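The structure appears below as structure tokens.
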Amino acid sequence: DSGVTQTPKHLITATGQRVTLRCSPRSGDLSVYWYQQSLDQGLQFLIQYYNGEERAKGNILERFSAQQFPDLHSELNLSSLELGDSALYFCASSVARRRGSDTGELFFGEGSRLTVL
Amino acid sequence: AQSVTQLGSHVSVSEGALVLLRCNYSSSVPPYLFWYVQYPNQGLQLLLKYTSAATLVKGINGFEAEFKKSETSFHLTKPSAHMSDAAEYFCAVSEFGNEKLTFGTGTRLTIIP
């Protein structure tokens, strides 16, 4: 058990819909990362938050957005869903305790599997 | 920009044989390098990491990796494969102060009984 909790584990929805994925990082971790894993794209970094602020952005579509709340949990919002958005979405948190001190050692949740029909 | 290349998307070895999974990196500054393992229906778990200390890094489950700057490589090895090693393995790179972790495309390891 990594200590990172993601809900829901599975989600099936239709094209055009909107979903929200939730992540609770390990206790005390300030950084939250979102990754998308699909068969054709592999593991793609989407976005990172550090203590409530957006820290880094990767290959995140404009239809997707995220935020980190004061209690440090994070949500990833996916809207106007397309078939190609079907993937496993991972949240991870970092051991870093200071801004800019991350080394890439991440703790991953078990993922939320999104199926768009 | 940092990147990693994993050679071989699928590797099969016999139980008890040597496991060798290849990873080459590209980084403009001294990198931090990682191997993560993903078992079926699970998240990624850190196997080992290199953060500029010893070049030979030992990880969990008997795995180790050697950082070779001259070859820009960070290959993962295990002397004797076990059935429980069947999983997908990801090499990853980051740079200190740049929090983004960049993953390779993964290598699926199959163990033959």
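Just so it is clear: chains get the letters A, B, ... in the order the sequence lines come, proteins before strands, and each one is counted from 1. Keep in mind it's a predicted model, so treat the numbers as computed, not measured.
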Aromatic ring centroids of A/Phe45 and B/Phe103 under 6.0 Å?
no
Do you reckon A/Leu46 sits in the same ILVMFWY cluster as A/Leu61, going by side-chain contacts under 4.5 Å, direct or chained?
yes
Quick one: do A/Leu21 and A/Tyr35 end up in the same hydrophobic cluster if we chain Ile, Leu, Val, Met, Phe, Trp and Tyr together by side-chain heavy atoms under 4.5 Å apart?
no
Side-chain contact test, heavy atoms from C-beta onward, threshold under 4.5 Å: evaluate it for A/Leu88 versus B/Gln38 and give yes or no.
yes
If we define contacts as heavy-atom pairs under 4.5 Å, which of A/Arg113, A/Gln6, A/Lys9, A/Gln37 has the most with chain B?
A/Gln37
Tell me whether B/Phe74 shares a hydrophobic cluster with B/Val37, the cluster being built from Ile, Leu, Val, Met, Phe, Trp, Tyr side chains joined at under 4.5 Å.
yes
Does some side-chain heavy atom of A/Tyr33 sit less than 4.5 Å from a side-chain heavy atom of B/Leu101?
no
Supply the atom-to-atom distance B/Gln45 CD to A/Leu106 CG, rounded to the nearest 0.5 angstrom.
13.5 Å
A/Gln44 CD to B/Thr102 OG1 distance, which is reported to the nearest 0.5 Å
9.5 Å
Give the cluster check for A/Phe107 versus B/Leu48: same hydrophobic cluster or not, with ILVMFWY residues linked at side-chain heavy-atom distances below 4.5 Å.
no
Single-linkage hydrophobic cluster, 4.5 Å side-chain cutoff, B/Tyr32 and B/Val57 together
no
